[in-house]
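Read through the structure below, which is laid out as structure tokens, and then see the notes.
Hydrogens, waters and symmetry mates are skipped; everything else that's a heavy atom, side chains included, is used.
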Amino acid sequence: MYQQEKIKPYGEDGDKGQLVKDMFDHIAPTYDTLNHRLSWDIDKGWRKKAIKELIPYHPREILDVATGTGDFAILAAQMLRPRHLIGTDISEGMMEIGKEKISKAHLEDIILFKREDCMHLSFEDDTFDAVTAAFGIRNFQNLDQGLKEMYRVLKKGGHLSIVELTEPVMFPIRQFFRIYSHTFLPVYGKLVSKDSGAYHYLTKTIEAFPQGETMMSIFKKAGFSETRFRRLSFGICTLYFATK
């Protein structure tokens, strides 16, 4: 078990998947506002970089895991123009907001949202040309199992493109990030979302989540080949790319 898997929202006992669902359902109305403000809108650029990695491969069928309110799915649909893009999440509250955004973007003919447990995806083997995830895999109840499922539903030669928040490794960025994430982030998160524990949980998972070369080994353990990573914005975010 990886360290972040032991961390549960609000420090409660019980099934982590259910607790994560409840947390995101609760903060869904303010999630986008906080996501953009707390990253100074840099998160938009991180998503774009992850999608650009897929452009040379022209994926026609895409799965976006932990799609949340659909920001990554919408941007991927606009940049890649796939035939179909399915966004999955355990939080219906997040996806309800995403559906409104999809409608405004006139992408209903491309994007479909579906409630799924990422530990047990309902799709058949070798279904998608690409699988993506933005800021979601560190919330997996079982990281190995979730990645194996993403691998399973990818077609042979398909690609995985992920962006995830990570703790910087360079001095003094690492120290500044710790101060920011332990002071301003949870206080402002609580003020806007009215949730006293969600952003403490999110900070703890960032610090506990494996990264860099360690994640390369984890991707290979799930079956992926040609794994690589690139730290973005001094390591506050990391882009992972792998091939089946």
Side-chain angles (χ1 to χ4, degrees), residues 3-47 50 64-75 87-105 111 113-119 132-143 146 162-167 177-209 233 236-237:
Q3 289 302 309
Q4 84 284 351
E5 295 173 1
K6 302 175 184 178
I7 302 170
K8 298 180 180 181
Y10 315 115
E12 295 182 7
D13 292 329
D15 179 75
K16 179 171 180 175
Q18 183 62 46
L19 292 171
V20 168
K21 174 192 179 301
D22 293 343
M23 180 190 72
F24 279 110
D25 281 344
H26 187 243
I27 66 174
T30 57
Y31 179 81
D32 284 339
T33 298
L34 280 167
N35 217 26
H36 300 322
R37 288 182 183 176
L38 290 171
S39 69
W40 299 289
D41 276 342
I42 301 174
D43 62 300
K44 298 177 182 178
W46 295 335
R47 291 186 185 89
D64 185 39
V65 175
T67 195
T69 61
D71 277 355
F72 199 104
I74 291 169
L75 191 59
T88 66
D89 206 288
I90 57 171
S91 170
E92 292 172 336
M94 295 281 277
M95 289 189 291
E96 283 302 316
I97 292 171
K99 289 175 183 177
E100 296 177 8
K101 292 157 66 173
I102 289 170
S103 179
K104 290 179 181 178
I111 301 174
F113 277 165
K114 187 175 181 183
R115 188 183 186 284
E116 290 273 341
D117 178 355
C118 59
M119 299 296 102
T132 61
F135 319 121
I137 65 171
R138 75 180 192 281
N139 296 310
F140 282 6
Q141 188 170 2
N142 183 318
L143 179 60
I162 290 175
V163 281
E164 186 54 82
L165 294 172
T166 46
E167 187 173 47
F177 179 79
R178 283 227 162 187
I179 293 171
Y180 174 78
S181 62
H182 283 272
T183 55
F184 178 76
L185 191 154
V187 171
Y188 189 69
K190 177 182 177 181
L191 180 67
V192 176
S193 70
K194 311 303 179 186
D195 190 307
S196 60
Y199 287 86
H200 282 289
Y201 159 80
L202 294 171
T203 295
K204 290 178 181 177
T205 58
I206 293 170
E207 294 175 352
F209 193 67
S233 302
I236 296 173
C237 178

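Contact annotation: the side chain of F135 approaches that of D43 to within less than 4.5 Å [non-hydrogen atoms, C-beta and beyond]. The closest side-chain heavy-atom distance from D89 to F24 is not below 4.5 Å. The closest side-chain heavy-atom distance from I90 to Q18 is not below 4.5 Å. Here the side chains of L34 and Y199 are in contact, with some heavy-atom distance below 4.5 Å. Looking at heavy atoms from C-beta onward, F140 lies in side-chain contact with V65 at the 4.5 angstrom threshold.
Residue pairs meeting the salt bridge (charged side-chain N to carboxylate O under 4.0 Å, His left out) criterion with at least one member in residues 15-27, sequence neighbours excluded: K21-D25.
Partners of Y10 according to the ring pair (Phe, Tyr, Trp, His ring centres under 6.0 Å) rule, which considers only residues two or more places apart in sequence or in another chain, do not exist here. Among residues two or more places apart in sequence or in another chain, the salt bridge (Lys or Arg N to Asp or Glu O under 4.0 Å) test is passed with K44 by D41. Residues that satisfy the side-chain hydrogen bond (donor to acceptor under 3.5 Å, both in side chains) test with T88, not counting sequence neighbours, are absent from this structure. In this view, E207 and H182 satisfy the side-chain hydrogen bond (donor to acceptor under 3.5 Å, both in side chains) rule, not counting sequence neighbours. Residues passing the side-chain hydrogen bond (donor to acceptor under 3.5 Å, both in side chains) test with T205, sequence neighbours excluded: R138.
Between the side chains of Y201 and N139, at least one donor-acceptor pair of N or O atoms lies under 3.5 Å.
Using modelled atom types, no side-chain atom of S181 and backbone atom of T203 make a donor-acceptor pair closer than 3.5 Å. When atom types are taken as modelled, the side chain of K99 and the backbone of F113 share no donor-acceptor pair closer than 3.5 angstrom.
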